[in-house]
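Working notes, beginning with the structure itself.
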There are 2 protein chains.
Amino acid sequence: MEFGPDDQIDYEHPVTPYRQLGDILRARIERGDWSPNRPIPSEARLVQEYGLARTTVRRTIKLLVDEGVLFVVPQRGTYVAEPGAEGESPGKA
Amino acid sequence: MEFGPDDQIDYEHPVTPYRQLGDILRARIERGDWSPNRPIPSEARLVQEYGLARTTVRRTIKLLVDEGVLFVVPQRGTYVAEPGAEGESPGKA
DNA sequence: AGTCATTTGTGCGTATGTATC
DNA sequence: TGATACATACGCACAAATGAC
């Protein structure tokens, strides 16, 4: 990988912070830090963990949600989507 | 089943605990654990059985009452409604 | 009548997460 | 950045009604 940051945000990097965070989260999910249907850290948590503004973190989340990597449950949290589940919903169950 | 919990509460599950309990109770009723016009365990019982706060248990009960699955008799208990009886009364006795 | 145990009803406070402005 | 709103969950404590003794 030439540009994808690893686990820290680099403001001088050509890739925007929110995309860097996207790469980081994607990598952490792939690495197994968080499993499908399991919550990732809260927005506030990610903010302090990576020293980013909440706006930025939310932008990243939206990015991954659009990619089908994450899904958000209002008033609950953000979860890891199941692999190959582009437009899945938690469904009721 | 993709999301519906079975018989234990999972706090990291995308579905809120009170809804999970709703799924559980609905299943137990359908399974025949408790019959129509028979009381389900008291709120206190459910609290210790599932490790939830009473607030949460009550939220679940309200959910099922609204669905017509259960009906509450103040100071007496919570009962299983008869199938297809949306607004029935126990008819005292 | 009085007491006790059980069960639902209610209110207050605290914490966490996302949603919105 | 900050404030506020909403949904959810926990804990505690007390009130009120019921039923058994």
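Heavy-atom basis, side chains included; hydrogens, waters and symmetry copies ignored. Each chain gets a letter, A, B and so on, in the order the sequences are listed, and its residues count up from 1.
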Contact nearer the 5' end of DNA chain C, comparing A/Gly77 with B/Gly77: B/Gly77
Ion pair present between B/Lys62 and B/Glu43, side-chain N to carboxylate O less than 4.0 angstrom? no
Which nucleotide sits closest to the side chain of B/Tyr18: C/dT18, D/dT8, C/dT7? D/dT8
Within less than 4.0 Å of OP1 or OP2 of D/dC10, is there a side-chain N or O belonging to B/Tyr11? yes
Starting from C1' on D/dA7, measure out to CZ on A/Arg76 and report it in whole angstrom. 10 Å
Nearest-angstrom distance from the residue atom NZ of B/Lys62 to C1' of C/dG9: 14 Å
Rounded to the nearest 0.5 Å, what separation is found between the CZ atom of A/Arg54 and the CD1 atom of A/Ile61? 9.0 Å
Taking the side chain from B/Thr56 and the backbone from B/Tyr18, do they hold a donor-acceptor pair closer than 3.5 Å? no
Can a donor-acceptor pair be found, under 3.5 Å and without considering hydrogens, that links the side chain of A/Ser42 to the backbone of A/Arg45? yes
How close or far is atom P of C/dG11 from atom CZ of B/Arg58, stated in whole angstroms? 11 Å
Would you please test A/Glu49 and A/Arg28 for salt bridge (Lys or Arg N to Asp or Glu O under 4.0 Å) and show each step? CA-CA 14 Å; A/Glu49 221 169 285; A/Arg28 294 189 63 176; 3.3 Å; yes
Would you kindly give the CZ-to-P distance between B/Arg59 and C/dG9, to the nearest whole Å? 15 Å
Under 4.0 Å: is that the gap between some side-chain N or O of A/Ser42 and OP1 or OP2 of C/dG17? yes
Starting the side chain at C-beta, find the nucleotide from C/dA19, D/dA9, D/dC10 nearest to B/Pro17. D/dA9
Find the distance B/Arg54:CZ to D/dC12:P and express it as a whole number of Å. 13 Å
Look at the side chain of B/Thr16 and decide which nucleotide, out of D/dT8, C/dT18, C/dT8, has an atom nearest to it. D/dT8
Output the rounded distance in Å from CD (A/Gln48) to P (D/dT1). 13 Å
Could you tell me the separation between the CG atom of B/Leu63 and the P atom of D/dA9, rounded to a whole number of Å? 11 Å
Looking at the base of D/dT18, is there any donor atom on it, or on the side chain of B/Gln75, that sits under 3.5 Å from an acceptor on the other one? no
If you check every side-chain atom of A/Thr55, which of D/dT1, C/dT18, C/dT8 has the closest atom? D/dT1
Whole-Å distance between C/dG17 P and A/Ile61 CD1? 12 Å
